[in-house]
Every structure is written in C-alpha cells, then in structure tokens.
Amino acid sequence: MNDLDTRAGPRAALRRAAPALVGYAAVRALGLLVLAVWSAERGKSAYTLLTARWDALWYGRVAEGGYGYEVRLPNGDVHADLAFFPLLPWLERGLAAVTPLSYADAGFVVTLLASGAAAWGIFAVADHVYGRRAGVCAVLLWAVLPVGIVQSMAYSESLFTALAAWSLYAVLTGRWVTAGSLALLAGLTRPVGVAVAAAVWAAGLASFARDRDAPPSRAPRPPPSFGQTRSVFTASGAQLSPHAPSPTVTAPHSGASPVPRALGMLLAPLGAVGYVLWVGLHTGKGPLGYLDVQAGWRNGFDGGWAFARFVGARLTSFPSALAGVALIVGVALLIWLCVTCVRGRQPLPLLVYAGIVTVLALCASSYFGSKPRLLLPAFPLLFPPALALARLRTRGAALVVGAFAVASAVYGAFWLNGSGPP
C-alpha cells in the first residue's frame, strides 16, 4: 500500500483486499453447494455435517452448559470437554444470548465471519511481504486446500487462523501490543496458540537484539506504517516475485520505546498458559493436568513415532500401500515447503509460527486422519506456491485455481459424508 492508502484507513485496505475476499467467498460457496447436493443425494443434512457433528458438538455443549461433560469409553479412555479451548464456545454463547440463534447456528455464523477475517489476514501478511498479487494467490490457495471445507465448519480452525494471521501482521508492522493481544486470544482458541506466542517472542527478541547492536541514530525513524511492503524481519535483496518488491530491511534501530514490545511479549502466552493452568486447578492435577486430559483422548507428543508406524503399516499390503506412499509424498512436500520458506528468507515470525504448527501436527500421536486439518493454520507454507502462481498470466492462474477449487469441493463433500474430521 502507498501512503495515500495508509491515510485512507481500513476502507482502502478492504478495497485492496477485495479481489482476494471475493475469490475466497466464491470458492467457499462452491464447496458448500457441492456439499449440499452430495449430502441430499445421500439423505443427509449438509448443515448438520457442518454444525452438529464431531468436534462441533463438543464446542456446542461447552457453549450451552460450560465445562464438565465427559464420555467414558469401554477401553477406559475418558473424553473430557476440557480438551477444547474456550474462546469459540464463549463466542457461540455470547451470540446465542443476544440473537434467536441456537448454539449450532451461532457456531456457524462465527465460523463464517472468522473464515473471512482469516482470508483477509492471510492477504494482509502476504501483501505486506510479497505484494498484492501474491496475497490474492495465497488466499485462493488456502481456500482450495483439500480440507478447505473445515473453514466452513463450526470448528476452531478458522477462528484460530484469523487471530494468528492478524497477530503476525501486527508483528510485521510493529504493533506489539496488538500482536500480543491477538496471540493471547489465539492461545484461548487452540493448543497450537503457543506457535503464535513463540512467533511474537522470536520477533521481539530479534528486535531487542537489533536495537542493542545498532549505533544510536540522531533522528529515530517511526515504526512501519499500515500496509508497507517492507518487513523488519527479512533479509534484504531476495527477489521473490516479479509482481512484488523485494522484502527489505528497515532501519535496524527504530528508536521506538521498548515498552510496547515488552508488553506484547508479556501478553502473548497468557491465553494458552492461563487455560492450561485453569484446567490443572479444575482437575486438581496441577500444572500438567491438561496433559492428562489430552491423554484421555490418546493425544500426546512423541516426536512423530506413532505417525511413522502408522505410515509403515500402510505399506505392508496393497492397496493400502498407495495411501502410505501418498502420506510419504505429502510429508516430503511439507518439508520441501518449509525448506523453501527458509531459503526464500521469509520473515522470522512466519518461519517460527509455521514451523511450530507443522511440527506439532506431524509429531503428535493424535488421530492420524485429523493431521490435514491440523495443518490448515500453517498458511505461510503456501507463500512459495502463491508466488509461483502469481507469475502466471491471469487466465492461467484462474484455470489452476478453478481446477483445484472443483477438486477441493468434491473431496470435501465426499469426506464429510464419509469418515469426516474427528
């Protein structure tokens, strides 16, 4: 954005993001239409699949009656609602209290609004670092992911991604208190909120280190303004797209007060830490009580050993070996994207955030079918393919996105009418 857009404020920012938001809405509308038709053919309700199945039921129960519900399975496992972080059910309860909506309806409305905010946040981050065209492409790629239908479900992925994206944008533009506050809210949304807090801390520590090492300047420069296509956390001179300026480094010593940075860093982890400590107090099991709750769901962190065994088991017979090979290819693709982001000198907070989200998703011992949706918030990994898509002519890019949108819509309808997300 130029200075005129900056002075014009949010209205100009919305106009700039409009192509991305319109394209995102079109992709999501296609996905919902295909889901409605597919579900009707199978005698199911598409709306029920989106709002009253799997985790959506748990969030709705918390919104309606608070915490305390659990299910004891015959094998001894205990599924307790304390595993679900509170921000989404709080929003559902608040919206249902002031409108005629049910808790399920409120969850769907929150998701629709949050998914739009997430798309705008992804655009803002990519536009800031790489330029407008890359920002539009990044949003469209996020929309057409195979599990993109989750973005329209009464789940917490869209809400979390919105908070994470805007927190990262606030970091990149030097709004530390805003970044920390949004990170706090992200920490109240999903356990992976620690990734947002870590990104804020990494950026803050890097900023303090730069200020310490930089010589004093006679005329301190102001922090970056809204929408500048410069990042204080990238190395200069990396030409990443012919459609966007190279990300460069601003003055290493901003001269700004360190107090907002410190406050933002202090706020960032409070949401996740506060909820985990509350669960420990509520269960009487101390600071690690939340881990016991997750263990009741057979969730844990084993460095990826359980996932490796799961993949290996698929390779022992045919045709499951095809699924095993596909999983190996998928993991290799994720590793390649991570390496590409590092080599492309992506801003430090984006690298930290996406890296932690990816590690937690792949190395957790949770239900393996949920891993694709656990990776949904790792949107910075989409920036390298977004840059490649941005280099295509508009018609070619539209054909690519259109083909992926159709495939994503069909897969989403098939998935929700089948095993669906856990």
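Listed by first then second residue, pairs satisfying salt bridge (charged side-chain N to carboxylate O under 4.0 Å, His left out) with a partner in residues 102-123 number zero, not counting sequence neighbours. Here salt bridge (charged side-chain N to carboxylate O under 4.0 Å, His left out) pairs that include residues 194-203, with residues two or more places apart or in two chains, number zero.
Here Arg309 pairs with nothing under the salt bridge (Lys or Arg N to Asp or Glu O under 4.0 Å) rule; sequence neighbours left out. Considering only residues two or more places apart in sequence or on other chains, Trp54 meets the ring-ring contact (aromatic ring centres under 6.0 Å, His included) condition with none of them. Every residue two or more places apart in sequence or in another chain that forms a ring-ring contact (aromatic ring centres under 6.0 Å, His included) with Tyr47 is listed here: Phe108. Applying the salt bridge (Lys or Arg N to Asp or Glu O under 4.0 Å) test to Glu157 and every residue at least two apart in sequence or in another chain returns Arg190, Arg373. For the side chain to side chain donor-acceptor pair (under 3.5 Å) test, no residue two or more places apart in sequence or in another chain qualifies with Thr358. Residues that satisfy the ring-ring contact (aromatic ring centres under 6.0 Å, His included) test with Phe310, not counting sequence neighbours, are Phe368. Legend: residues meeting side chain to side chain donor-acceptor pair (under 3.5 Å) with Thr99, ordered by chain and number and at least two apart, are absent.
With contacts defined as side-chain heavy-atom distances shorter than 4.5 Å, the pair Val194/Leu360 qualifies. In this structure, the side chains of Met153 and Thr51 stay at 4.5 Å or more apart for every pair of heavy atoms. Here the side chains of Leu399 and Leu392 are not in contact, with every heavy-atom distance at 4.5 Å or above. Side chains of Ser365 and Phe307 form no contact here, defined as non-hydrogen atoms less than 4.5 Å apart. In this structure, Arg132 and Phe123 have side chains that are in contact, with non-hydrogen atoms separated by less than 4.5 Å. By the 4.5 Å heavy-atom criterion applied to side chains, Gln346 and Val129 are not counted as neighbours.
Ring orientation note: the planes of Tyr169 and His128 are nearly perpendicular, at an angle over 60° on the 30°/60° scale.
The two atoms that bring Ala134 and Leu387 nearest to each other are CB-CD2, 3.8 Å, heavy atoms only. Across Ser167 and Ala179, no two heavy atoms sit closer than the pair OG-O, 2.8 Å. Nearest approach of Ala46 to Leu35, heavy atoms of both residues: CB-CG, 3.8 Å. Across Thr111 and Gln151, no two heavy atoms sit closer than the pair CG2-O, 3.1 Å. In terms of heavy-atom proximity, Val401 sits nearest to Val144 at O-CG1, 4.0 Å. Closest of all the heavy-atom pairs between Ala199 and Leu168 is CB-CD2, 3.7 Å.
In this structure, CZ in Arg16 is found 12.5 Å from CG in Leu14, a value given to the nearest 0.5 Å. Atoms NZ and CG, from Lys371 and Leu362 in turn, are 6.5 Å apart once rounded to the nearest 0.5 Å. Here the straight-line distance linking atom OG of Ser370 with atom CG of Asp55 works out to 8.5 Å at 0.5 Å rounding. For the atom pair CG of Leu112 and OG of Ser158, the computed distance is 8.5 Å after rounding to the nearest 0.5 Å. To the nearest 0.5 Å, the span separating CG on Leu382 from CG on Leu389 amounts to 11.0 Å. Atoms CD1 and CG, from Ile149 and Leu50 in turn, are 5.5 Å apart once rounded to the nearest 0.5 Å.
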message = Test side-chain contact (heavy atoms from CB on, under 4.5 Å) on Cys341 and Phe383; report intermediate values, then the result.
response = CA-CA 8 Å; Cys341 289; Phe383 290 171; 5.6 Å; no
task = May I have the step-by-step check of ring-ring contact (aromatic ring centres under 6.0 Å, His included) for Trp58 and Trp297, ending in yes or no?
result = CA-CA 13 Å; Trp58 287 91; Trp297 288 80; 5.1 Å; yes
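Between the side chain of Trp201 and the backbone N or O of Met265 there is at least one donor-acceptor pair closer than 3.5 Å.
The pair Arg133-Asp127 does not count as a salt bridge, with every side-chain nitrogen at least 4.0 angstrom from each carboxylate oxygen.
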Could you tabulate the donor-acceptor pairs under 3.5 Å formed by side-chain atoms of residues 321-337, not counting sequence neighbours?
none

Return a table of donor-acceptor pairs under 3.5 angstrom between the side chains of residues 402-422 and protein atoms on other chains or two or more places apart.
residue, atom, partner, partner atom, Å
Ser408, OG, Leu145, O, 2.8
Asn417, ND2, Ser39, OG, 3.2
Asn417, ND2, Ala413, O, 2.8

Side-chain donor-acceptor contacts of residues 84-95 below 3.5 Å, not counting sequence neighbours, with atom names and distances?
residue, atom, partner, partner atom, Å
Arg93, NE, Ala63, O, 2.8
Arg93, NH2, Val62, O, 3.0
Arg93, NH2, Ala63, O, 3.4

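Residue Thr161 forms a side-chain contact (heavy atoms from CB on, under 4.5 Å) with just one option from Ser156, Pro377, Ser115, and that option is Pro377.
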